[in-house]
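Values below: every heavy atom of this structure, side chains too, minus hydrogens, waters and symmetry copies.
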Amino acid sequence: MSFVQTQAGYKVTPHPQHNRLYHIVLDNSVIEKFLQEFSGTGIQHLEYTPYMRFILAGKLRDLLGTGFLETLRNILADRQSGGFTIGVQGQTTSLDDYVKFGTAVSHLIGPSNFDAMSGTYYARFVVKDTDNSDSYLRQAYRLFTLHTDGTFVDEPTDWLLMMKMEERNAVGGESRLLHLDDWEELEQYATHSLADHKFTYKSPSSKNVGQVVHRPTFFKVNNKPCICFIDQFVYPATIEQSHYLMAMSESLERSPATNALKLPEGDLIMLNNMFWMHGRAAFEKNTELYRELMRIRGEFAKS
Ligand SMILES: [Fe+2]
């Protein structure tokens, strides 16, 4: 836990629920000043004017120092960790404020990807009792298998942010997380003859991505294996390839190292998308279930 520290305006602490993650605590006055500064800025302005997203990030950097930005980037790049949580600490319950805060934190790390599902740089999606969509994203009572994001788009997806916007009548539904180095059978699948085979990825129509991309399941960054995988969007061409993918997904699902993390409203998690896999536990049946998440994905800044 080499990034644990106390600085003016913030503290980096070990995460209470996961031994690889950090939880960052801000001084409430910092959150208040940040929100105050942008109280007149509408969300639509962030959607339409990309530089505003970095202007928000810049305010956090001004309030907390360059060391804060460097610490967040270093945590996400650190193979031992690669993730942290942070939140608005009850200083606001406005969903617009949540979007502004999540935008600022994520843009300290780098530019966001275009999210074709929403047509802008972030997506908000609701899970309820009933669903008629075309992927498992919104199906409440089904476990969502471990995967990485950005499999079917051309841009690099180095990091992922998930923020809890609202949650009512929800039991279960936690984020399931697995760090690749905690997966017992990593070696077996990462060195398999199909590990670097370029599989075809296509998305369902709701994602609005007409593109087809070809990606290897395993690739190396700093000489360590990284992964790109989601069972729903990969199109194998043979029986052997299908056996490899199914056995791997089942091995991931069996791993006792998978941790179900509870995220309070107004908190967000950022993860390195190359060596962390994520999914969702099933919710318990409730006709009044309502949960909304925001996601942002993007690249590491080049400078
Ligand atoms: Fe995902």
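Sequence neighbours left out, the pairs with a member in residues 191-221 that pass ring pair (Phe, Tyr, Trp, His ring centres under 6.0 Å) are H192-Y244, H197-F199. Judged as a salt bridge (Lys or Arg N to Asp or Glu O under 4.0 Å), the pairs with a partner in residues 52-73 (not counting sequence neighbours) are, in order, E37-K59.
Ion pairing between a basic and an acidic side chain is recognised when a charged N comes within 4.0 Å of a carboxylate O; R20 and D182 show such pairing. A salt bridge links R176 with E253; the closest basic N to acidic carboxylate O contact falls under 4.0 Å. For D27 and K11, the salt-bridge test fails: no basic side-chain N is under 4.0 Å from an acidic carboxylate O.
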Side chain to side chain contact (heavy atoms under 4.5 Å, CB included), that's the test. Do N286 and D129 meet it? Break it down for me. CA-CA 7 Å; N286 187 326; D129 183 46; over 6 Å; no
Are L180 and M277 close enough, and set up right, to give a side chain to side chain contact (heavy atoms under 4.5 Å, CB included), and what steps lead you there? CA-CA 7 Å; L180 223 46; M277 304 194 77; 4.2 Å; yes
What do the steps show when you test F144 against Q232 for side chain to side chain contact (heavy atoms under 4.5 Å, CB included), and what is the final call? CA-CA 10 Å; F144 196 163; Q232 295 176 69; 3.3 Å; yes
Applying side chain to side chain contact (heavy atoms under 4.5 Å, CB included) to D149 and H278, what does each step give before you reach the verdict? CA-CA 9 Å; D149 271 13; H278 64 278; 3.1 Å; yes
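Contacts of W276 classified as ring-ring contact (aromatic ring centres under 6.0 Å, His included), with partners at least two apart in sequence or in another chain: H18, H179.
Taking CG of L64 as the start and CG of L72 as the end, the distance is 9.0 Å to the nearest 0.5 Å. Here the CH2 atom belonging to W183 is positioned 4.0 Å from the CG atom belonging to L252, to the nearest 0.5 angstrom. Between D78 atom CG and N222 atom CG the span is 10.5 Å, to the nearest 0.5 Å. Here the straight-line distance linking atom CE of M1 with atom CD of Q80 works out to 9.0 Å at 0.5 Å rounding.
For the pair K100 and F38, the cation-pi test (distance below 6.0 Å, angle within 45°) is failed.
The hydrophobic cluster containing I269 does not contain M163, counting ILVMFWY residues as joined when their side-chain heavy atoms lie under 4.5 angstrom apart, directly or transitively. Taken together through direct or relayed side-chain contacts under 4.5 Å among Ile, Leu, Val, Met, Phe, Trp and Tyr, L160 and L261 form part of one hydrophobic cluster.
Counting non-hydrogen atoms of other residues, nucleotides and ligands closer than 6.0 Å to NZ of K262 gives a total of 12 or fewer.
With contacts defined as side-chain heavy-atom distances shorter than 4.5 Å, the pair P111/F54 qualifies. The shortest distance between side-chain heavy atoms of T92 and E32 does not fall below 4.5 Å. Annotation: side chain of H23 is in contact with side chain of D267 (closest heavy-atom distance under 4.5 Å). Within the 4.5 Å cutoff, the side chain of N74 has heavy atoms near those of the F3 side chain. Under the 4.5 Å side-chain criterion, counting only non-hydrogen atoms from C-beta, V234 is not in contact with T151. Within the 4.5 Å cutoff, no side-chain heavy atoms of T145 are placed close to those of F229. Looking only at side-chain heavy atoms (C-beta outward), L21 and L271 come within less than 4.5 Å of each other. Looking at heavy atoms from C-beta onward, V99 lies in side-chain contact with M165 at the 4.5 angstrom threshold.
Among all heavy-atom pairs drawn from W159 and L161, the shortest one is CE3-N, 4.2 Å. Here the shortest heavy-atom pairing between L178 and A257 reads CD1-CB, 3.7 Å. For the residue pair A123 and M117, the shortest heavy atom distance occurs at CB-CE, 4.2 Å. The shortest non-hydrogen separation linking K164 to P264 is CB-O, 3.4 Å. The heavy-atom pair separating F84 from I75 by the smallest distance is CD2-CG2, 4.1 Å. Looking at every heavy atom in both residues, A195 comes nearest to A190 through CB-O, 3.3 Å.
Here the options are R297, H107, E299, the test is side chain to side chain donor-acceptor pair (under 3.5 Å), and the partner is S112; only H107 passes.
Side chain to side chain, N273 and T157 fail the donor-acceptor criterion of an N or O pair below 3.5 Å.
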